[in-house]
Amino acid sequence: MITSVHREATVLPPLFNRLCFNLPQLGLHMDISGKFPTLCNPNPNVYLMRLTKPTLFTNMPVTCEDRDLPGDLFGRLMKEDPCTIKGAEALMLGEMLTLPQNFGNIFLGETFSSYISVHNDSSQVVKDILVKADLQTSSQRLNLSASNNAVTELKPESCVDDVIHHEVKEIGTHILVCAVSYTTQAGEKLYFRKFFKFQVLKPLDVKTKFYNAETDEVFLEAQIQNITTSSMFMEKVSLEPSMMYNIAELNTVETEDEGTSTFGKMSYLQPMDTRQYLYCLKPKPEFAEKAGIIKGVTVIGKLDIVWKTNLGERGRLQTSQLQRMAPGYGDVRLSLEMIPDTVNLEEPFDITCKITNCSERTMDLVLEMCNTCSIHWCGVSGRQLGKVSPSASLALPLKLLSSVQGLQSISGLRLTDSFLKRTYEYDDIAQTQSQ
């Protein structure tokens with residue numbers, strides 16, 4: 001902190017004179033005696049204030065019944081109050097705007113705007129005034145100055161103004177460093193700095209979960225919680241997939257005219273409320289055909305979240321690349337490409353299986369079909385399927401029948417690699433309804 005003394009405020013420049021009473025100050029605050037803190041040096045001084053939008057004025061209406069002692073006194077007072085809405089005086093929300101009275105909170109993803117004024121408090125002209133504003137974070141130092149050109153001269157009671165903007169991308173402590181260099185009439189070059197420290201808070205809590213389907217589809221659930229103290233309008237929540245996937249958003253209900261959001265027409269997120277978004281990702285054909293490529297840790301994509309707060313102040317947050325551990329299928333993967341939902345009792349039905357070699361060696365496969373108490377396979381067991389190269393697949397049509405009514409599980413397939421004499425068992429592959 002910079003130690004400073006107080007003196008009576010001199011005639012301020014017109015722009016600063018308007019702003020100092022209307023905007024929350026950052027680091028410098030007016031005291032109750034109407035004085036401003038300044039440096040001991042009677043030369044240029046730096047004033048810095050945050051630029052924020054006002055808020056809607058709220059009042060506390062006091063009402064009573066006509067038979068009560070005050071009668072209609074409270075009603076007449078509220079009608080005469082210029083802050084109330086005519087015809088709706090009992091509402092807390094008024095027609096006026098309130099300028100911020102304090103610095104407020106800065107959240108990750110918002111745009112930080114600030115007004116910087118270098119005021120010549122001396123009675124002498126100073127020359128070659130150069131103002132530089134840097135933002136120091138925990139990981140980097142950014143130059144926010146709009147211009148690096150020096151002002152030729154600054155007369156007494158005049159000022160140099162600048163407005164800076166920065167999209168906040170890090171949480172934690174931020175320090176705004178304002179450096180001013182100038183030359184006095186005697187030719188002496190002077191330099192001073194002021195530091196303004198503030199905290200950047202986290203506005204949203206984002207959690208993700210992955211669900212693997214029996215096919216190659218992946219479902220992503222994103223839980224977004226508003227951890228601020230004010231409501232948010234969720235303008236956009238989208239998933240930008242990686243080059244390996246196609247995406248389908250599952251957050252709308254399709255109607256005859258157009259899709260309707262599952263959250264309703266007014267997409268507001270109240271403080272501490274949580275909303276869940278669902279996305280379906282499917283590998284692109286060029287990647288799905290090569291099962292060996294999609295394994296281990298794969299990049300899914302990143303979430304892009306845009307919201308608005310009071311009076312339309314926008315914030316944007318992008319997550320880092322979301323990663324998922326692909327399920328392990330072993331050396332051979334067997335999946336169902338086609339199966340009927342319902343089948344007739346003791347009538348053969350067809351299914352189509354897909355066999356994929358997930359290993360790095362060629363396999364010579366033999367198919368064996370084992371009956372269960374309710375499922376009976378039709379065909380030759382122990383037949384050769386031939387050689388399957390690494391990452392290659394083959395379609396296998398099969399026929400079977402159900403001897404028991406109800407929900408039946410497809411089980412009993414065995415694949416044997418004749419090279420290594422290794423057998424792979426597949427049970428509970430899928431389910432179908434027998435009737």
Side-chain angles (χ1 to χ4, degrees), residues 50-56 97 100 103-114 135 137 139-140 142 144 163-172 174 198-210 218-255 257-281 299-324:
R50 182 186 176 191
L51 299 178
T52 56
K53 292 186 178 181
T55 57
L56 293 173
L97 299 177
F103 175 69
N105 295 322
I106 298 181
F107 293 101
L108 181 69
E110 294 182 342
T111 299
F112 169 69
S113 300
S114 180
L135 185 64
T137 68
S139 62
Q140 58 182 336
L142 304 171
L144 304 183
V163 176
I164 58 174
H165 304 279
H166 174 66
E167 183 180 350
V168 182
K169 298 181 179 180
E170 297 182 36
I171 60 175
H174 287 58
F198 59 92
Q199 295 288 331
V200 175
L201 306 177
K202 186 179 177 182
L204 299 171
D205 185 23
V206 181
K207 298 179 181 179
T208 57
K209 294 181 181 179
F210 291 102
V218 179
F219 292 91
L220 169 64
E221 177 191 350
Q223 298 180 359
I224 300 177
Q225 183 182 25
N226 177 10
I227 57 177
T228 68
T229 57
S230 60
S231 302
M232 287 184 178
F233 172 75
M234 306 305 292
E235 183 175 306
K236 184 182 74 169
V237 179
S238 62
L239 177 65
E240 299 177 0
S242 64
M243 59 178 295
M244 297 175 60
Y245 293 93
N246 293 320
I247 181 176
E249 293 193 10
L250 305 179
N251 304 307
T252 56
V253 178
E254 298 297 332
T255 58
D257 299 332
E258 58 183 6
T260 304
S261 173
T262 55
F263 308 110
K265 295 182 179 180
M266 307 303 290
S267 184
Y268 287 102
L269 191 60
Q270 301 297 332
M272 304 310 296
D273 280 359
T274 302
R275 182 170 291 177
Q276 295 167 305
Y277 294 85
L278 187 61
Y279 304 91
C280 177
L281 297 105
V299 175
I300 295 296
K302 57 184 178 180
L303 287 170
D304 186 14
I305 307 171
V306 180
W307 70 90
K308 288 182 179 179
T309 54
N310 296 334
L311 296 178
E313 293 180 283
R314 176 173 292 189
R316 182 181 182 184
L317 183 64
Q318 280 190 330
T319 65
S320 57
Q321 291 288 349
L322 303 176
Q323 294 183 337
R324 154 187 172 263

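Sequence positions, counted from 1, serve as the residue numbers for this chain.
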Begin with the C-alpha distance, continue with both residues' side-chain angles, and end with the deciding distance and a verdict on side chain to side chain contact (heavy atoms under 4.5 Å, CB included) for Ile305 and Met234. CA-CA 8 Å; Ile305 307 171; Met234 306 305 292; 3.8 Å; yes
Looking at side-chain heavy atoms only, is the closest gap between [X] and [Y] below 4.5 Å?
{"X": "Val163", "Y": "Leu51", "answer": "yes"}
{"X": "Gln276", "Y": "Glu221", "answer": "yes"}
{"X": "Thr309", "Y": "Phe107", "answer": "no"}
{"X": "His174", "Y": "Val168", "answer": "yes"}
{"X": "Glu110", "Y": "Pro203", "answer": "no"}
{"X": "Leu269", "Y": "Phe263", "answer": "no"}
{"X": "Gln225", "Y": "Lys207", "answer": "no"}
{"X": "Ser230", "Y": "Pro271", "answer": "no"}

Who are the side-chain contact (heavy atoms from CB on, under 4.5 Å) partners of Ile247, not counting sequence neighbours?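 With neighbours one apart ignored, the set is Leu239, Pro241, Tyr279.
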side-chain hydrogen bond (donor to acceptor under 3.5 Å, both in side chains) partners of [X], counting only residues at least two apart:
{"X": "Ser113", "value": "His165"}
{"X": "Asp304", "value": "Lys236, Arg316"}
{"X": "Gln318", "value": "none"}
{"X": "Glu235", "value": "Lys308, Arg314"}

Find the distance between [atom1] ([X]) and [atom2] ([Y]) and round it off to the nearest 0.5 Å.
{"X": "Glu240", "Y": "Gln321", "atom1": "CD", "atom2": "CD", "value": "8.5 Å"}
{"X": "Gln270", "Y": "Thr229", "atom1": "CD", "atom2": "OG1", "value": "12.0 Å"}
{"X": "Thr111", "Y": "Ile106", "atom1": "OG1", "atom2": "CD1", "value": "10.5 Å"}
{"X": "Glu249", "Y": "Thr262", "atom1": "CD", "atom2": "OG1", "value": "10.5 Å"}
{"X": "Leu220", "Y": "Tyr245", "atom1": "CG", "atom2": "OH", "value": "11.0 Å"}

Which is it for Leu281 and Ile300 under the side chain to side chain contact (heavy atoms under 4.5 Å, CB included) test, yes or no, and what are the steps along the way? CA-CA 8 Å; Leu281 297 105; Ile300 295 296; 3.5 Å; yes
Provide the closest heavy-atom pair for [X] versus [Y] in the form atom of the first, atom of the second, distance.
{"X": "Leu204", "Y": "Asn226", "result": "CD2-CA, 4.0 Å"}
{"X": "Gly172", "Y": "Gln199", "result": "C-OE1, 3.4 Å"}
{"X": "Lys302", "Y": "Ser320", "result": "CB-O, 3.8 Å"}
{"X": "Ser267", "Y": "Arg275", "result": "OG-NH1, 2.7 Å"}
{"X": "Lys169", "Y": "Leu108", "result": "C-CD1, 3.2 Å"}
{"X": "Glu170", "Y": "Ser139", "result": "OE2-OG, 2.6 Å"}

Using modelled atom types only, decide if a donor and an acceptor are shared between the side chain of Asn251 and the backbone of Ser261 within a distance under 3.5 Å.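 Absent.
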Please name all residues satisfying salt bridge (Lys or Arg N to Asp or Glu O under 4.0 Å) with Lys202, sequence neighbours left out, ordered by chain then number.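 Scan of Lys202 (salt bridge (Lys or Arg N to Asp or Glu O under 4.0 Å), adjacent residues dropped) gives Asp205.
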Please determine whether side chain to side chain contact (heavy atoms under 4.5 Å, CB included) holds for the pair Leu303 and Tyr277, giving the CA-CA distance in whole Å, both sets of side-chain angles, and the decisive distance to 0.1 Å. CA-CA 11 Å; Leu303 287 170; Tyr277 294 85; over 6 Å; no
